[in-house]
Amino acid sequence: MHFSFSKGSSIERLTHYPQIEIKELARALADVDPNLRNDELQKDKTRIIGAYCDYLIRVNRNSYALLKSQGKQKELDLFYPKSITTNCPMEETILFSSCFILLEKDVTPDVLVERCIQSLSQIYKKYGEALIFQCGGEKALLIAKENAQDKRGAHKKDEENPSLHKIMGLLAINLAMEKSASGSTKWINNAGFPSIEPLHRLLSDYAKSNGISQKGMGKSSFYDKLRTYLNSLYDE
């Protein structure tokens, strides 16, 4: 879904910035406008925001130390262009990943939960397990792996569908041609394509006589799918 920057809330906008500050994320996690001045913060929110800031500084300093020990200067320059303090900008993916432990039901805005999970998967795929474990422990690593696998499965399915559609289209044509070889004209229409109605009746009767469920075999659904299969034969 397209995000409207002008209509989004201050917290929603924060999830689209390329760099954010720890204090901004800490306020957003407490469901507070990240752009408020310190003297505008509600007193009951100040304590938890301070705790969030302290946690995020510690986690990111540990991540910095890990990357430095591995000699990954490019990643350090990208993630932490300046010193790790509450008001210095940091790369948003690493910062959102580092807030995983702070997510709380009925407290954390949903948009931040979604952005954190997305960031975990992005970091995992690009930089591996160690950095994810540093950001959120075993649970964060498990979620990152599962999410990455789901996306790979969806991508593989997208690649397989065009091939499957062509196969089904060719089978439909071959079946109609075999049936029409007996002299019947009902199997091929005037445009030279398989006639859908007799094919639907043939397959429905076969399913019924062999005790096969006809769920998903309704006439309308069958027509739509077979048209898709036949049209796919002319896609490049």
Side-chain angles (χ1 to χ4, degrees), residues 1-9 12-13 15-16 18 92-93 96-97 103 105 109-129 132 139-236:
M1 182 180 293
H2 175 70
F3 170 70
S4 173
F5 199 84
S6 63
K7 297 179 181 178
S9 69
E12 289 173 328
R13 290 179 191 144
T15 65
H16 291 269
E92 47 88 26
T93 308
F96 277 117
S97 295
L103 303 181
K105 186 178 180 181
D110 290 342
V111 67
L112 294 185
V113 176
E114 293 171 4
R115 188 66 187 90
C116 174
I117 300 304
Q118 181 186 35
S119 294
L120 288 174
S121 298
Q122 291 171 337
I123 293 292
Y124 169 72
K125 287 189 289 185
K126 198 165 185 179
Y127 303 106
E129 296 185 5
I132 289 296
K139 187 174 181 180
L141 181 57
L142 178 62
I143 289 175
K145 285 182 175 181
E146 289 178 346
N147 204 35
Q149 290 172 353
D150 288 344
K151 289 185 183 300
R152 283 198 293 268
H155 180 67
K156 185 176 181 181
K157 185 176 180 180
D158 289 341
E159 291 179 337
E160 291 177 347
N161 276 343
S163 176
L164 177 61
H165 289 175
K166 281 185 168 62
I167 291 171
M168 296 300 294
L170 290 170
L171 287 173
I173 289 176
N174 187 61
L175 179 59
M177 293 294 290
E178 285 188 0
K179 290 293 184 180
S180 66
S182 63
S184 174
T185 59
K186 70 178 181 179
W187 298 98
I188 304 294
N189 61 29
N190 293 333
F193 290 102
S195 295
I196 297 178
E197 185 174 354
L199 283 175
H200 175 257
R201 187 181 304 113
L202 175 70
L203 295 178
S204 293
D205 290 345
Y206 179 85
K208 186 182 299 183
S209 62
N210 287 274
I212 300 172
S213 171
Q214 295 187 61
K215 185 177 181 179
M217 284 282 291
K219 185 177 291 186
S220 177
S221 176
F222 184 88
Y223 278 33
D224 289 341
K225 289 177 181 177
L226 190 53
R227 286 194 185 95
T228 298
Y229 300 154
L230 294 173
N231 289 336
S232 73
L233 299 176
Y234 302 96
D235 295 337
E236 294 185 358

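The structure displayed is predicted, hence computed values, not measured ones.
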Q. How would you list all residue pairs meeting salt bridge (charged side-chain N to carboxylate O under 4.0 Å, His left out) that involve residues 173-187, not counting sequence neighbours?
A. none
Q: Could you grab the distance from atom CD of Q122 to atom OH of Y127, nearest 0.5 Å is fine?
A: 10.0 Å
Q: Could I get the full list of side-chain contact (heavy atoms from CB on, under 4.5 Å) partners for I212, not counting sequence neighbours?
A: Y206, A207, N210
Q: Please name all residues satisfying salt bridge (charged side-chain N to carboxylate O under 4.0 Å, His left out) with E129, sequence neighbours left out, ordered by chain then number.
A: K145
**Q.** side-chain hydrogen bond (donor to acceptor under 3.5 Å, both in side chains) involving T93 - partner list, sequence neighbours excluded
**A.** E91
(Q) Distance check, rounded to the nearest 0.5 Å: I132 atom CD1 versus S119 atom OG? (A) 8.5 Å
Q) Considering all heavy atoms of both residues, which atom of C116 and which atom of S97 are nearest to each other, and what is their separation? A) SG-O, 4.4 Å
Q: State the CG-NZ distance between L171 and K166, to the nearest 0.5 angstrom.
A: 14.0 Å
Q. Between CG of D110 and NZ of K105, what distance do you get to the nearest 0.5 Å?
A. 11.0 Å
**Q.** Those residues that, when tested against E92, pass side-chain hydrogen bond (donor to acceptor under 3.5 Å, both in side chains) (two or more places apart)
**A.** R115
Q | Partner set under side-chain contact (heavy atoms from CB on, under 4.5 Å) for E197, not counting sequence neighbours | A | R201, Y223
Q. With side chains defined as the heavy atoms from C-beta onward, is the minimum distance between F96 and L120 less than 4.5 Å?
A. no
Q.
Could you work out, with side-chain contact (heavy atoms from CB on, under 4.5 Å) as the rule, every residue matching K139, not counting sequence neighbours?
A. F100, I143
Q. For the residue pair L199 and W187, what are the closest heavy atoms and their distance?
A. N-CZ3, 3.9 Å
Q | Non-hydrogen atoms of A176 and P194 that approach each other most closely | A | CB-CB, 3.7 Å
(Q) Can you tell me how far apart OG (S180) and CD1 (I173) are? Round to the nearest 0.5 Å. (A) 11.5 Å
